[in-house]
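Here is the structure we will look at, set down as structure tokens.
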Amino acid sequence: MPPTLPNASPDASPDASPADRYSVGPVQVEQLHPWPSSVAEAEAVQDRLRGHVELTGPATFTLVAGLDVHYHGDEALTAAAVVLDAATLAPVEQVVAHGRAAFPYVPGLFAFRELPALVEALERLTVTPDLLVCDGYGVAHPRGFGLACHLGVLTGLPALGVGKTPFVGVHETPGPERGAWTPIVHEGATVGRALRTRPGVKPVYVSQGHRVSLDTVTEQVLRLTPRYRLPEPIRHADHLARHPS
DNA sequence: GCGACAG
DNA sequence: ATCTTGTCGC
């Protein structure tokens, strides 16, 4: 049972062999070898992969995937991936993967809890999304490598993160109109934006995950959020994770 | 040193 | 994340 860490056993369970999992779909995902078994190892993984993040990329997309996880009880969880047609926002494909939290909850290391299940869901897709919309942060993170960066770097796909509460850095409150935003500044650098997606409603906190510019992140999140506070891909994934069919 | 801390 | 009712407003 993973979610009991701070004091982990080093050479406990050998990692599964590289060939123990396969994907039937077109989305190929790099595996993390070995899976971190302590806070220090997890932080080291983030520090190592951080250099792989690309902050520029395409500005338009055709298939957008929303990703989210729902927890049941202690460690059981369901990950969902829903692909939408970027032009119409109509659902194209939806898949779920059941699993268990793979790491205890530690702010900043949140990605390690959900990564295995989210990766499995991505591998079950039969279409290839060209943008991953993640529920959490990207480079707006204590070590500059949040969940959206993990998923982007491991798949090679453009990825962005949408957070519902402030996490790192400082920012002013954006104006009340939809589309208003202010920069999130962390250690002297702009790492994301507080973005108003609905008039008078709490802003969301967006940041780059991989292969997208901050302007593109802002533009896409607004485009994917025609009605509610959160982007449609995330809302669909959230619903599917809660009510698997 | 203490508190706060994505989901 | 999750435990939880009603209520106000578009």
Side-chain angles (χ1 to χ4, degrees), chain A residues 1-6 36 39 42-43 45-46 49-50 53 66-82 96-119 121 132-153 159-171 176-178 184-187 191-210 217 221 225-231 233-244:
Chain A
M1 74 200 214
T4 308
L5 261 183
V39 167
E43 292 178 342
V45 168
Q46 295 182 328
L49 295 182
R50 179 173 43 198
V53 171
L67 304 167
D68 195 21
V69 167
H70 177 69
Y71 291 80
H72 331 267
D74 289 337
E75 300 168 13
L77 53 77
T78 299
V82 177
V96 298
H98 300 290
R100 304 212 138 250
F103 208 81
Y105 174 67
V106 179
L109 301 179
F110 160 68
F112 294 99
R113 283 178 80 67
E114 311 185 336
L115 219 39
L118 286 171
V119 164
L132 303 181
V133 179
C134 310
D135 188 24
Y137 281 87
V139 300
H141 173 278
R143 277 171 302 286
F145 202 79
L147 175 65
C149 298
H150 285 79
L151 288 167
V153 168
L160 63 84
V162 180
K164 295 183 283 292
T165 62
F167 187 30
V168 294
V170 295
H171 64 85
E177 73 278 13
R178 169 180 152 85
I184 296 173
V185 178
H186 179 56
E187 295 178 347
V191 295
R193 288 172 181 169
L195 174 64
R196 192 82 68 178
T197 53
R198 285 204 64 187
V201 173
K202 282 193 304 180
V204 295
Y205 305 87
V206 304
S207 57
Q208 293 151 282
H210 188 51
V217 167
V221 169
T225 311
R227 180 153 187 203
Y228 300 103
R229 178 184 177 225
L230 296 175
I234 288 182
R235 297 187 68 251
H236 280 263
D238 179 83
H239 184 89
L240 179 59
R242 289 175 193 269
H243 314 288

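First the proteins, then the strands, lettered A, B, ... as listed; each starts at 1.
In DNA chain C, no run of at least 3 consecutive Watson-Crick or G-U pairs with both distances below 3.5 Å is found.
When the side-chain nitrogen and oxygen atoms of A:His70 are compared with OP1 and OP2 of C:dT2, one or more of them lie within a distance under 4.0 Å.
Atoms CG (A:Leu118) and P (C:dA1) sit 14 Å apart, rounded to a whole Å.
The side-chain hydrogen bond (donor to acceptor under 3.5 Å, both in side chains) test with A:Thr78 singles out one residue from A:His72, A:Arg242, A:His243, and that residue is A:His72.
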Base versus backbone protein contacts along nucleotides 2-7 of chain B [heavy-atom cut-off under 4.0 Å; B, S, -]:
---SBB
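Here A:Arg227 lies out of heavy-atom contact (under 4.0 Å) with every strand.
The CD atom of A:Gln208 lies 8.5 Å from the CZ atom of A:Arg193; values are rounded to the nearest 0.5 Å.
Of all non-hydrogen atoms in A:His98 and A:Pro244, the two that sit nearest each other are CE1-CG, 4.3 Å.
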Go through the steps for A:His210 and A:Leu132 under the test side-chain contact (heavy atoms from CB on, under 4.5 Å), then give the verdict.
CA-CA 9 Å; A:His210 188 51; A:Leu132 303 181; over 6 Å; no
Test log, rule side-chain contact (heavy atoms from CB on, under 4.5 Å), inputs A:Cys149 and A:Val139
CA-CA 7 Å; A:Cys149 298; A:Val139 300; 3.7 Å; yes
Set out, in order, the CA-CA distance, both residues' side-chain angles and the distance that settles side-chain contact (heavy atoms from CB on, under 4.5 Å) for A:Thr197 and A:Val221, then state yes or no.
CA-CA 8 Å; A:Thr197 53; A:Val221 169; 4.1 Å; yes
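The pair A:Asp135-A:Lys164 meets the salt-bridge criterion, since a charged nitrogen lies less than 4.0 angstrom from a carboxylate oxygen.
Note on ring orientation: taking the six-membered ring where Trp is involved, the planes of A:Phe112 and A:His150 are perpendicular (angle over 60°, cut-offs 30° and 60°).
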